[in-house]
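Here the structure is a predicted model, which means the values were calculated and not measured.
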Amino acid sequence: MRDVKDRSGLMCGVVGWVTSRPLDPAVMDGALGALAHRGPDGRGSWRGISADGGEVALGHTRLAIIDADGGAQPFFSHDRRFVVSFNGEIYNFIELRDELRARGCCFVTRSDTEVLVEAWRVWGMDCLPRLRGMFAFALYDAQTRALVLARDPFGKKPLFLADIQGGMAFASEIAPLLDLPGMERRLNLDGLGDYLHRRYAPGPVSFFKGVRKVLPGHVAIFAGGALEERRYFTPPLAATASKPVPFADAAAMFRAGLEEAVRLRLLSDAPYGVYLSGGVDSSVIAALMARQVGQVRSFAVGFEDAAYCEAHWAERVAARLGARHEALIVTARDFADHWACAVRHRGAPVSKSSDVPILMLSRAASLSVKMVLTGEGADELLAGYPKHRAERWIAAYHGVVPPLAHRALLDPVVQRLPYGARRLKILSRALSEPDVQARSSLWFANGDRRSVNDLLGHDPVATRARRLTPLASLRQIMLADQTGWLPDNLLERGDRMMMAAGVEGRMPFMDANLAALTASFPDRLLFDRRGGKAILRAAAADLLDAETLNRRKVGFRTPVGDWFRGELRPMLLDLLSGEGSQVRRLVDGAAIDRMLAEHLPRRVDHTGMLWTLANLELFLREYRLDVDA
């Protein structure tokens with residue numbers, strides 16, 4: 001255990017800018033107010049003179065997980081050369097501090113924020129791969145007049161850039177940027193096709209003109225009036241050759257790595273818990289927590305419809321672990337009441353309906369904890385989705401049935417199957433695509449490109465240069481998950497929905513060291529007769545019962561497709577067919593009407609696309625965006 005006098009990072013919101021002329025102080029007050037939910041325990045700001053005689057400003061709102069009485073930001077180095085606004089936690093800061101002391105660095109605090117500052121002083125950008133944790137920060141160097149903006153390797157903490165009048169601005173969320181000088185509330189149409197196809201906007205695109213995401217594993221340096229962005233981290237899966245290792249050894253190595261990742265993330269002065277679904281990922285995290293700290297608090301969410309409710313599985317795991325457990329049952333009315341709020345905090349259309357119950361669960365959990373551990377990332381790290389298993393034999397299938405033949409002869413038959421054949425239809429669409437990178441977007445897509453073409457009148461995805469890669473198809477799919485599906489969807493969801501309630505989420509599976517370890521395992525070790533994540537099941541054999549370990553992956557589903565035909569039908573029709581529906585100005589209204597006519601009587605399951613369109617409309621209403629091109 002660490003020395004209790006060592007104090008580490010802050011979970012919060014950051015905001016700031018560099019402009020050619022000073023802004024009214026009220027602008028910073030408004031920006032910090034827009035981030036108040038991310039930092040209800042305090043706020044601070046600093047204003048200085050930029051290189052061209054204008055203004056550089058940093059702001060910070062604080063959620064006190066550690067060192068509630070200290071840790072005020074923005075933080076100044078001992079010589080006041082550097083000032084930083086930091087959101088996150090560096091788990092290995094004690095080791096880094098010892099190394100920096102050996103190099104002659106002075107420390108006046110025991111915080112990881114100061115370690116970050118001194119690491120930048122000594123190593124510059126080379127310090128970033130050394131930081132083990134999650135972070136997004138802005139650091140201003142008064143000597144070089146450079147502003148440094150950086151985001152953690154996998155994108156657990158968000159960071160946005162905006163072009164504003166006379167300069168540039170940044171923030172943890174988009175809302176604080178919208179009222180800055182020169183900003184327009186205009187929809188960015190560049191990402192519309194990708195959104196309709198993928199259900200989210202791939203970075204660096206955002207839904208607002210003039211606003212973009214800092215990509216995971218990237219640093220942006222603003223100096224001399226110019227912004228330069230560079231990659232400092234490449235996911236290990238893209239650059240690590242697998243090494244022969246016995247399965248038992250791999251499982252033991254993974255178990256040790258995961259135990260360490262959990263231990264590092266349990267440092268907290270505030271009460272904490274775990275989000276427990278009853279699936280193997282979160283259950284393993286909960287079991288390791290219980291081994292390390294004793295009784296844990298666990299939180300689960302479920303639905304009245306038993307076909308979608310896994311709350312009883314979570315309750316079984318909690319009972320086995322002796323956890324202090326709470327469950328939240330969400331009704332259609334509850335869902336409707338929180339839907340718009342989820343969109344507002346996401347700063348984008350909500351990509352998956354599970355965002356809404358996670359927001360509700362976080363609000364319930366916030367009454368007793370400030371931090372939770374979650375199971376995100378296990379599927380992407382360990383090939384846990386059914387598509388990963390399919391990718392192992394698709395090449396062999398194409399050797400017998402070429403993609404063109406499948407697309408022409410078999411896929412039309414499969415797509416006419418009854419309402420409930422959703423998974424088979426997804427598999428068939430994937431089998432129609434010979435290109436691995438194109439196929440990577442099909443597995444979680446809203447139908448194929450033709451269905452989106454009907455809405456837009458053109459191909460939904462802009463033509464992109466193919467990236468030549470020596471990786472096997474499975475690794476290409478997993479890499480696409482780790483660089484797209486995770487940061488732009490799952491991790492974004494986790495950050496926004498939890499921070500909206502003042503709860504910080506930590507994700508042990510998304511540890512960079514653990515990712516490097518799993519990337520070194522041969523692909524075959526990830527699978528057994530039950531599918532992917534074989535190493536995780538073997539590593540947790542002594543932690544959980546066989547039924548929990550061997551349950552078929554279900555995923556976090558909501559009954560929203562049924563609700564669209566029932567309690568949410570009036571809301572759905574208002575959003576997509578009501579007077580003033582703006583989404584009908586962006587896509588073909590007749591195509592929307594056809595989907596509604598097929599979905600409502602249960603002829604064709606259009607849940608995914610209807611959800612996507614309804615959220616786009618709700619987003620346009622919540623942010624009052626101009627949709628004109």
Would you check if Met253 and Ile535 make a side-chain contact, meaning some heavy-atom pair closer than 4.5 Å?
no
Ala405: side-chain contact (heavy atoms from CB on, under 4.5 Å) partners, not counting sequence neighbours
Val401, Pro402
Considering residues at least two apart in sequence or located in another chain, which fulfil the ring-ring contact (aromatic ring centres under 6.0 Å, His included) criterion with Phe233?
Phe154
Can you check whether Lys352 reaches Asn489 side chain to side chain, under 4.5 Å on heavy atoms?
yes
My understanding is that only residues two or more places apart in sequence, or in another chain, count here; which of them pass side-chain hydrogen bond (donor to acceptor under 3.5 Å, both in side chains) with Ser354?
Arg493
Are any of the side-chain nitrogens in Arg132 or Asp511 under 4.0 Å away from the carboxylate oxygens of its partner?
yes
Only pairs at least two apart or in different chains count here, so list each salt bridge (charged side-chain N to carboxylate O under 4.0 Å, His left out) that has a residue in residues 470-487.
Lys387-Asp481, Arg475-Asp523
Name all residues meeting the ring-ring contact (aromatic ring centres under 6.0 Å, His included) criterion together with His218; count only those two or more places apart in sequence or in a different chain, and write none if there are none.
none
Check side-chain hydrogen bond (donor to acceptor under 3.5 Å, both in side chains) between Arg496 and all other residues, then give those that pass, not counting sequence neighbours.
none
Residues that Pro487 engages under side-chain contact (heavy atoms from CB on, under 4.5 Å), provided they are two or more places apart
Pro216
If you measure from the Lys or Arg side-chain nitrogens to the Asp or Glu carboxylate oxygens, is any gap between Lys157 and Glu504 under 4.0 Å?
yes
Trp443: side-chain hydrogen bond (donor to acceptor under 3.5 Å, both in side chains) partners, not counting sequence neighbours
Glu391
Assess whether ring-ring contact (aromatic ring centres under 6.0 Å, His included) is satisfied between Tyr200 and Tyr195, documenting all intermediate values.
CA-CA 5 Å; Tyr200 63 90; Tyr195 167 67; 8.9 Å; no
Please enumerate all residues that pass side-chain contact (heavy atoms from CB on, under 4.5 Å) together with Ala590, with sequence neighbours excluded.
Asp588, Arg594
Basic-acidic side-chain contact under 4.0 Å: Asp495, Lys156
no
Applying salt bridge (charged side-chain N to carboxylate O under 4.0 Å, His left out), which residue pairs with at least one partner in residues 274-291 are found, sequence neighbours left out?
Asp281-Lys533, Arg291-Asp542
Apply the test ring-ring contact (aromatic ring centres under 6.0 Å, His included) to residues His406 and Tyr397: give CA-CA distance (whole Å), side-chain angles for both, the deciding distance (0.1 Å), then the verdict.
CA-CA 10 Å; His406 179 92; Tyr397 177 83; 5.7 Å; yes
Asn550: side-chain hydrogen bond (donor to acceptor under 3.5 Å, both in side chains) partners, not counting sequence neighbours:
Arg530
Across all chains, not counting sequence neighbours, the side-chain contact (heavy atoms from CB on, under 4.5 Å) partners of Lys213 are Phe160, Asp488, Glu492
